[in-house]
Q: 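Structure in structure tokens, see below.
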2 protein chains.
Amino acid sequence: MAHWIWYPGDFEFYLGLRVTSARKEREKQIIPDWKLEMFNCNVMFRSTVDLSADTVVKIQSTGSVCVRIDYKWYSPIDKDNKVALPKGRHILVVNVYNPHQLPSLFIDSHEVITNSSWKVSCDNVHWKSVGCWNFTDAALPPTEYRLPTRLIFPIESESVNGGTLYDFGTETFGYLSLADAVGEGMIILYLGESRSEALDKEHCLTYEKINVNSKIPAEVTAEHSAGFRYVYCEIAECEASFESLQLYYEYLPLENKGGFCCSDTMLNKIYEISLRTLRLTTREFFIDGVKRDRWVWGGDSAQSYLLNFYSFFDNEVCKRTIRFLRGKNPVLNHINTIQSYTMFWFVGLYDYYLYTGDKNFIIEMLPDAKSFMDNFCLKRTDERGFLVTMPADWVFVDWSDITVNGFLSFTQVLFAGALKCLENLCEVAGDSVAAERYDALYTNIVQNIFKTFWNESMGCLIHTDLPKYDHCVTRYSNMFAVIFGLFDRDQQTRVIHSVLLNLNVPSITTPYMKLYELMAFGELGLHKEMHEFVQSYWGGMVNLDCTTFWETYEPEKSGDEHYAMYEGLRYGKSLCHSWGAGPLLIFGKYYLGVSPTAPAYSRFTVKPELNLIENFSGKVPVPDGEIRVAFDNKVLTVENASDGIGTFLQGDLRHEIAGQTKMVYDCKKGVIHSQDLINECSAV
Amino acid sequence: MAHWIWYPGDFEFYLGLRVTSARKEREKQIIPDWKLEMFNCNVMFRSTVDLSADTVVKIQSTGSVCVRIDYKWYSPIDKDNKVALPKGRHILVVNVYNPHQLPSLFIDSHEVITNSSWKVSCDNVHWKSVGCWNFTDAALPPTEYRLPTRLIFPIESESVNGGTLYDFGTETFGYLSLADAVGEGMIILYLGESRSEALDKEHCLTYEKINVNSKIPAEVTAEHSAGFRYVYCEIAECEASFESLQLYYEYLPLENKGGFCCSDTMLNKIYEISLRTLRLTTREFFIDGVKRDRWVWGGDSAQSYLLNFYSFFDNEVCKRTIRFLRGKNPVLNHINTIQSYTMFWFVGLYDYYLYTGDKNFIIEMLPDAKSFMDNFCLKRTDERGFLVTMPADWVFVDWSDITVNGFLSFTQVLFAGALKCLENLCEVAGDSVAAERYDALYTNIVQNIFKTFWNESMGCLIHTDLPKYDHCVTRYSNMFAVIFGLFDRDQQTRVIHSVLLNLNVPSITTPYMKLYELMAFGELGLHKEMHEFVQSYWGGMVNLDCTTFWETYEPEKSGDEHYAMYEGLRYGKSLCHSWGAGPLLIFGKYYLGVSPTAPAYSRFTVKPELNLIENFSGKVPVPDGEIRVAFDNKVLTVENASDGIGTFLQGDLRHEIAGQTKMVYDCKKGVIHSQDLINECSAV
């Protein structure tokens with residue numbers, strides 16, 4: 001089947017410009033201070049064609065075209081964009097040039113068809129496989145790509161201060177629209193993720209101005225999309241009016257492939273709100289928040305990949321995000337200017353592979369991954385192999401008040417994790433020479449991490465290597481060292497008490513780092529503590545009637561204090577932030593207990609937590625099916641509706657679950673039954 | 001004074017896209033098969049401002065803007081694009097984002113003014129001095145840059161085959177326009193650089209289609225510009241008609257600063273035609289030809305710089321061309337994919353410095369020059385230091401039928417020249433470490449050139465290192481070795497006879513390489529032979545009534561045969577080709593004999609050729625004035641209207657000409673008088 005084809009990555013850069021430039025706060029457009037990549041404007045597509053007869057093909061493109069056959073002089077193109085090709089075997093090269101839009105190509109004739117087998121170059125030297133996706137309609141080139149919308153309405157409205165406050169019931173996203181608008185004037189819609197924000201005309205972070213100019217009632221829709229729950233509007237002094245407010249809700253079509261439901265109402269709410277949060281922030285790319293920044297961040301998105309694997313399992317949005325974040329060579333700065341976000345890029349790429357088993361994508365990205373490491377990261381290391389902080393680096397760890405001076409153990413542990421992930425990816429692609437090289441670097445940096453940061457008397461990694469902070473401990477490096485498996489058993493035990501369960505170590509205030517903390521808990525079997533944290537932290541937001549999870553949450557704050565962030569902006573905080581959706585992973589990986597141990601869940605473990613909730617059922621999507629886990633306080637059922645092989649773990653019990661079989665475990669008796677899944681009907 | 005500012009190079013890339021994409025032949029747009037650079041779409045401008053009071057400044061930009069003061073949260077911008085700045089010393093950062101057009105910035109307030117002192121970055125890490133030029137009008141940003149036009153008319157028209165043939169008298173360029181066009185229909189104007197081409201509707205390389213749709217007579221102008229002399233039009237079957245044909249002649253304003261006039265009518269014609277040729281091809285950039293390709297080529301332009309220094313002495317068009325050709329990092333292929341064109345880039349940059357003394361530009365370009373050499377060229381060398389041919393390289397020497405297999409002496413001699421030029425530029429910028437490094441590479445490659453290519457029995461450099469061609473000699477490497485001073489006296493003498501004056505060595509058919517051949521003649525004192533070549537070669541084209549000089553000229557051809565080129569295209573040859581204008585340099589450097597020996601003519605030589613023409617007068621522009629040379633067959637006058645110091649050379653005579661003095665030399669008596677130029681009135 002014919003596909004629109006382009007230079008790989010260019011679709012993402014093109015789309016990324018559109019997404020990134022959409023951040024608008026009141027009258028201000030806000031532009032990131034890192035490099036934004038442009039697509040290549042002059043792209044050469046090449047294929048060898050074998051024609052049984054002289055033929056004429058139609059060239060469709062987004063841009064100007066010129067055609068050469070066997071590298072001869074340019075072929076004539078008629079006014080219908082048709083080119084005559086001679087019978088026989090020929091090399092066909094089609095240039096597409098467009099400095100304004102993504103150059104792409106579509107040919108769908110009998111013997112010449114654009115598809116993933118074509119090669120592409122922007123310099124006539126380096127040829128790659130083309131980029132393509134599901135654009136198979138000649139009339140819909142990739143430049144026309146838009147998320148779909150559907151019309152929704154506020155669930156209630158009330159009169160406040162002479163205006164009307166509309167409530168959409170939950171956080172939402174899209175293009176506001178006035179039904180039956182009439183007259184001439186500017187309608188201002190003040191937006192709020194909170195009621196307070198929408199009513200605070202002076203300080204709400206976003207508003208929409210809609211120009212009405214119609215003698216007869218007509219629909220008028222805002223030019224920009226926005227993320228919000230409430231809309232406030234005063235039309236008293238305006239010469240224009242409208243009948244009702246509506247929203248073209250814009251969304252990425254996503255199937256809810258995961259599931260979790262249990263006897264604890266709060267957990268059910270947390271699951272549902274997490275899912276809404278992730279759904280709203282999963283769009284052209286994984287973005288951080290829907291009100292702001294609406295940008296793609298390396299740290300946020302690496303977490304979103306994981307959450308996605310326990311919910312929508314959408315590979316494409318992961319790939320788009322990974323390509324966009326990587327950008328082009330030369331790499332001039334860390335991803336989003338943040339050191340750790342560069343590291344998360346490598347970790348995220350490995351996670352993507354582990355969950356999806358998509359080797360083709362790893363082969364596509366490995367040259368970029370290696371050059372990113374070799375020509376950028378490794379050029380910024382000291383004699384210990386530590387990543388050095390350069391003047392323009394943003395040393396972001398988390399939104400908490402900690403020093404970022406000196407070499408941080410957090411950064412170096414993540415760097416070690418990145419090297420290990422890259423090593424693994426090289427193995428996947430069969431590049432064992434590079435794998436060995438990264439392994440040596442990994443071994444070296446891990447040694448130096450312990451030499452530099454491990455405090456034997458305190459029993460933990462200290463925060464920084466600066467002598468004046470030699471007793472400063474934070475959770476970050478210790479929890480990532482758990483996750484990356486850097487500690488031995490003894491060290492783990494010590495870190496549990498010296499850091500993880502030590503209330504004197506400052507607590508984490510963002511769901512972002514909270515997730516990693518809980519993952520460390522989960523890895524160490526601290527499920528009870530994990531459970532308490534989920535209930536108190538995410539439950540704390542639920543108790544404040546959130547409909548999506550927030551960028552930060554500090555329980556000690558109250559009322560509108562919760563909404564402020566960033567240099568005192570009264571509503572600066574994002575109340576729908578992708579990294580708020582962490583429970584999706586916690587429920588799937590540590591409650592249902594399903595986790596891949598080999599790519600694409602060809603091997604996985606099922607280690608459900610049976611001591612915290614009376615009963616639960618849920619499912620975890622895998623590339624070729626799903627794993628369903630249900631518990632009724634007596635019997636645990638695991639249905640392996642996939643071809644992978646699961647290992648059920650419970651205490652000392654270890655049982656292999658073959659593909660397409662169901663395991664029933666009687667908890668009281670400790671007895672296991674298995675049966676084929678065929679002819680079984682599953683329902684979660 | 002306030003200037004529009006941008007990221008350095010971006011103006012050239014932006015303009016370059018416009019120029020490069022203008023090549024159209026009949027229905028085909030022709031797109032180069034090398035990388036076309038895009039401008040940066042997200043640019044940060046930075047300046048430290050010192051404000052005596054709170055102030056409000058207006059931000060003008062080509063793109064969306066956001067502003068930060070002292071790296072704090074984004075400042076509000078009102079609807080008139082005004083931003084409030086607080087009193088005191090602050091760092092002002094203004095982002096300009098535009099994926100469609102060059103992002104640029106203009107601020108012209110009391111204490112905040114955009115100018116060359118601002119810094120700019122596209123990644124927030126690497127800061128450079130901004131790019132700017134003569135855009136000082138707030139209403140005319142660089143995106144509005146267009147060459148000026150003026151209306152001109154055909155000098156005659158005649159009826160041919162039922163249509164009308166218009167003749168503009170000479171080759172010209174611009175937008176064709178129909179005066180008082182009326183009716184409804186498509187007017188087709190067939191264009192020709194030759195009469196034959198315009199009349200050959202089926203094969204002429206370019207035509208213009210102009211849509212007329214007007215009930216009352218109105219002017220309609222073509223959308224595209226074109227280069228041509230003749231226009232043929234048949235409107236018999238068309239429902240539209242027009243009163244007269246006109247042309248919006250488009251040109252770069254250039255002052256004719258050089259001059260040459262003599263007793264030989266043919267030489268005067270050659271000078272005039274050369275000047276027209278160069279004028280037409282000196283535009284936004286130095287382009288190759290006005291009919292085709294209208295592209296910027298590394299070889300052609302390096303020659304144009306030299307010709308420009310003996311005529312218009314326009315620095316800006318040189319700088320634009322050099323920046324555009326260099327492109328951005330990473331360099332992925334040779335300039336225009338041609339090895340030697342990369343080498344000419346270095347040579348051209350050095351020539352630019354030698355003639356202009358523009359050290360600032362060298363400081364701007366040196367990092368790009370070094371990285372081009374280090375990260376690209378030197379990565380493609382063998383153990384002898386020779387440049388290796390990679391699969392995608394176009395080994396273009398000249399349009400002649402010679403082998404390009406093996407290592408060519410031509411390429412390696414040019415590579416040596418490039419290394420020497422880069423070494424010199426490093427010295428200029430005070431980078432003696434790099435200079436030493438390039439010097440060592442230069443010394444090594446020169447040794448290996450002689451070891452590999454010098455044939456002692458033949459007394460010349462052979463063409464290639466392939467054994468089967470061990471007696472193949474071409475002029476190219478030998479003449480460049482003369483120009484770059486690689487030969488000792490003995491070798492020079494041998495090469496004169498074994499190659500330069502040896503009729504068995506194939507003659508050169510392009511003015512491109514002809515110029516270098518004549519420069520070698522000039523350097524070796526073979527003025528008589530040089531003179532004969534100018535008369536026969538360029539004179540040969542004059543005798544065919546050319547009005548501009550051609551891309552190639554082969555005297556043995558006749559009639560319309562002269563117009564064919566490129567895979568049998570009947571009118572494929574460009575009849576107005578920049579590299580046809582070589583006599584401008586020959587007259588200035590080898591007839592008038594003026595040549596810089598130190599940057600910006602602070603030192604120069606005057607070595608006029610007094611044995612070939614009865615009398616002549618002329619002038620050579622220098623950065624701070626001009627050098628006038630006149631000869632009336634008895635007395636030679638040299639007026640040094642500059643502050644540089646000239647050295648007059650004639651036979652064994654050597655005389656220093658101080659700045660702002662005039663030297664009179666009585667040729668018969670061999671007597672020299674000098675006098676101050678002040679109060680002198682000069683006329684050439």
Side-chain angles (χ1 to χ4, degrees), chain A residues 14 17-18 20-21 25-42 44 63-68 71-79 93 95-97 99-101 121-126 328-334 337 390-394 566-569 572, chain B residues 14 17-18 20-21 25-42 44 63-68 71-79 93 95-97 99-101 121-127 328-334 337 390-393 566-569 572:
Chain A
Y14 175 69
L17 290 176
R18 221 157 63 188
T20 307
S21 64
E25 297 176 9
R26 303 187 73 91
E27 295 302 314
K28 292 176 300 198
Q29 176 167 354
I30 298 186
I31 306 162
D33 58 2
W34 50 81
K35 185 152 185 267
L36 294 182
E37 298 291 2
M38 297 280 269
F39 47 89
N40 294 290
C41 65
N42 185 23
M44 294 142 235
S64 327
V65 154
C66 74
V67 174
R68 277 174 303 160
Y71 297 107
K72 295 228 171 62
W73 196 258
Y74 309 90
S75 302
I77 305 176
D78 76 8
K79 63 184 187 316
V93 177
N95 271 51
V96 182
Y97 167 79
H100 303 298
Q101 285 201 311
S121 175
C122 66
D123 56 23
N124 212 2
V125 180
H126 306 86
K328 296 185 191 181
N329 289 329
V331 175
L332 300 169
N333 202 352
H334 285 290
T337 77
M390 306 291 270
D393 290 1
W394 177 7
Y566 298 106
E567 305 197 18
L569 287 179
Chain B
Y14 175 69
L17 290 176
R18 220 156 64 190
T20 307
S21 64
E25 294 175 11
R26 302 185 74 91
E27 294 302 314
K28 294 177 295 197
Q29 176 167 354
I30 298 187
I31 306 163
D33 58 3
W34 50 82
K35 185 154 186 265
L36 294 181
E37 297 290 1
M38 296 280 269
F39 47 89
N40 293 290
C41 65
N42 184 22
M44 295 141 234
S64 328
V65 154
C66 75
V67 175
R68 277 175 303 161
Y71 297 106
K72 293 227 173 64
W73 196 258
Y74 307 90
S75 303
I77 305 176
D78 76 9
K79 61 185 190 313
V93 177
N95 272 50
V96 181
Y97 167 79
H100 303 297
Q101 285 202 309
S121 175
C122 66
D123 57 22
N124 212 4
V125 180
H126 306 86
W127 293 87
K328 295 185 190 180
N329 289 329
V331 175
L332 301 169
N333 203 352
H334 285 289
T337 77
M390 307 291 271
D393 290 1
Y566 299 106
E567 306 197 18
L569 287 179

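Residue numbers begin at 1 in each chain, while the letters A, B, ... track the order of the sequences. The basis for the numbers below is simple: all heavy atoms, side chains too, and nothing from hydrogens, waters or symmetry mates. Keep in mind that what you see is a predicted model, and the values were worked out from it rather than measured.
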Q: Please state whether the side chain, the backbone, both or neither of A:S121 comes within less than 4.5 Å of a heavy atom of chain B.
A: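 Neither part.
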Q: Heavy-atom distance under 4.5 Å to chain B: side chain of A:E25, backbone, both or neither?
A: side chain
Q: Please tell me if the side chains of B:M44 and B:W127 come closer than 4.5 Å, counting only heavy atoms from C-beta onward.
A: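 B:M44 reaches B:W127 side chain to side chain.
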Q: If you count heavy-atom pairs under 4.5 Å between each of A:V125, A:I31, A:I77, A:L17 and chain B, which one has the most?
A: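 Sorted descending by pairs with chain B, the first entry is A:I31.
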Q: Contact part of A:Q29 toward chain B, heavy-atom cut-off under 4.5 Å: side chain, backbone, both or neither?
A: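 Contact with chain B involves both backbone and side-chain atoms of A:Q29.
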Q: Is there side-chain contact between B:M38 and A:F39, with at least one heavy-atom pair below 4.5 Å?
A: yes
Q: For the candidates A:N333, A:D33, A:D78, which exhibits the highest count of non-hydrogen atom pairs separated by less than 4.5 Å from chain B?
A: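 Between A:N333, A:D33, A:D78, the count favours A:D33.
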Q: Out of curiosity, A:D123 CG to B:L36 CG, how far, rounded to the nearest 0.5 Å?
A: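 Spacing of CG (A:D123) from CG (B:L36) equals 11.0 Å.
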Q: For B:N329, enumerate each residue passing the side chain to side chain donor-acceptor pair (under 3.5 Å) test, keeping only those at least two apart in sequence or located in another chain.
A: B:R326
Q: A:H100 vs B:H100 aromatic rings, parallel, tilted or perpendicular, using cut-offs 30° and 60°?
A: tilted
Q: Side chain from CB out, backbone as N, CA, C, O: work out which of these in A:R26 comes under 4.5 Å of a heavy atom of chain B, or both, or neither.
A: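 Neither part; nothing is under 4.5 Å.
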Q: Output the option from B:V96, B:V93, B:V65, B:T20 having the highest count of non-hydrogen pairs under 4.5 Å with chain A.
A: B:V65
Q: Which one of A:C122, A:A392, A:P76 has the most heavy-atom pairs closer than 4.5 Å to chain B?
A: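 Sorted descending by pairs with chain B, the first entry is A:C122.
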Q: Out of A:H126, A:E37, A:M390, return the one with the most heavy atom pairs under 4.5 angstrom to chain B.
A: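 Heavy-atom pair counts peak at A:H126.
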Q: Measuring heavy-atom distances to chain B, does A:K72 have an atom under 4.5 Å in its side chain, in its backbone, in both, or in neither?
A: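 Contact with chain B is through both the backbone and side chain of A:K72.
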Q: Do A:N40 and B:K35 touch side chain to side chain, with heavy atoms closer than 4.5 Å?
A: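 The answer is yes; the side chains approach within 4.5 Å.
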Q: Looking at A:T337, A:L569, A:L332, which makes the most heavy-atom pairs under 4.5 Å with chain B?
A: A:L332
Q: With sequence neighbours excluded, what pairs up with B:N42 under the side chain to side chain donor-acceptor pair (under 3.5 Å) test?
A: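 Partners of B:N42 by the side chain to side chain donor-acceptor pair (under 3.5 Å) criterion, ordered by chain and then number, come out as B:N95.
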Q: Quick check for you: to the nearest 0.5 Å, what is the distance between A:E567 atom CD and B:W73 atom CH2?
A: 7.5 Å
